[in-house]
Each structure stands twice: as structure tokens, then as C-alpha cells.
Amino acid sequence: MTESHNARAVVTGAGSGIGRAFALELAKRGGEVVCADISLARAEETVQLIAENGGTAHPVVCDVASREQVEDLALFAELTFGAAPTLVINNAGVGIGGTPVGDIGFDN
């Protein structure tokens, strides 16, 4: 088994595209998934797809550009799982070039 099996997972950008695919695959592998997205409606759609396939997931709104919302997401996940997540997929956001991600702090 790998970390992706039976994970307590958080996926940002889970409302569509690659984020949704990650969330669906993690649930398929027996994981419980917090589906975070800037759109609650899209996060709920992903949760519904997971539930239709027998998985467990939880929708939550999170704009990853907001430090406060990311901190709220972390707390939501820990309270939901009863422990820290075992896997986080930080998929949300739009790349526009410039400074490498590892060189950007919260204040930039």
C-alpha cells in the first residue's frame, strides 16, 4: 500500500479538472477526501460523484490566495478526520509565470 491508499486526503481545486480527478481516484483507493474549491457548488458536485461510487468526501470553500481560508481549510480537515490529513494535493491556483513557487511567501 502507498500513501494514496486509504488516505485522509485534502485536495484543493477539487471542483473540476485535475483536482476532481485526484479526488475521485483517492476515494476510489479507499480514501476519505476533503474537496476544497473556490466554488462550493463545484466542490459539492465532486463530493456527489464520490458518494455515487460509494466513497466518503466533504465539500468546503477555499480560495488558496487567502491565507485565512487556507488556515480554515487545515482546521476543517483536522476536525473532519479527527487527525491531521495523511495526504494533501495542493492543486488549486493559476500559474502566470514569474517567481518560482518555492521562493514565494505568504506575503507576496
Original post:
How does the hydrophobic cluster around L79 look, that is, which other residues are in it when side-chain heavy atoms under 4.5 Å mark a link?
Top reply: L75

Original post:
Within a strict 4.5 Å, meaning less than it, do heavy atoms of the N90 and V10 side chains meet?
Top reply: no

Original post:
Is any side-chain heavy atom of V11 less than 4.5 Å from a side-chain heavy atom of C35?
Top reply: no

Extract all donor-acceptor atom pairs below 3.5 Å that involve side chains of residues 47-54 and protein atoms in other chains or at least two apart in sequence.
residue : atom : partner : partner atom : Å
Q48     : NE2  : E52     : OE2          : 3.2
N53     : ND2  : L49     : O            : 2.9

**OP:** Taking side-chain contact (heavy atoms from CB on, under 4.5 Å) as the test, write out the residues that go with F76, two or more places apart.
**Re:** V34, H58, V60, T80

Subject >> Residues which pass salt bridge (charged side-chain N to carboxylate O under 4.0 Å, His left out) with E71, listed by chain and number, not counting sequence neighbours >> reply: R67

**OP:** Output the distance between atom OG1 (T12) and atom CD1 (I89), rounded to the nearest 0.5 Å.
**Re:** 8.5 Å

**OP:** Working to the nearest 0.5 Å, report the span between SG of C62 and CG of D72.
**Re:** 8.0 Å

Subject >> side-chain contact (heavy atoms from CB on, under 4.5 Å) against D63, all qualifying residues, sequence neighbours excluded >> reply: I38, A65, Q69

Original post:
Are any non-hydrogen side-chain atoms of D37 and T46 less than 4.5 angstrom apart?
Top reply: no

**OP:** Could you list the residues that satisfy side-chain contact (heavy atoms from CB on, under 4.5 Å) with E45, not counting sequence neighbours?
**Re:** R20, R42

Original post:
CD/E32 to CG/N6 distance, rounded to the nearest 0.5 angstrom?
Top reply: 11.0 Å

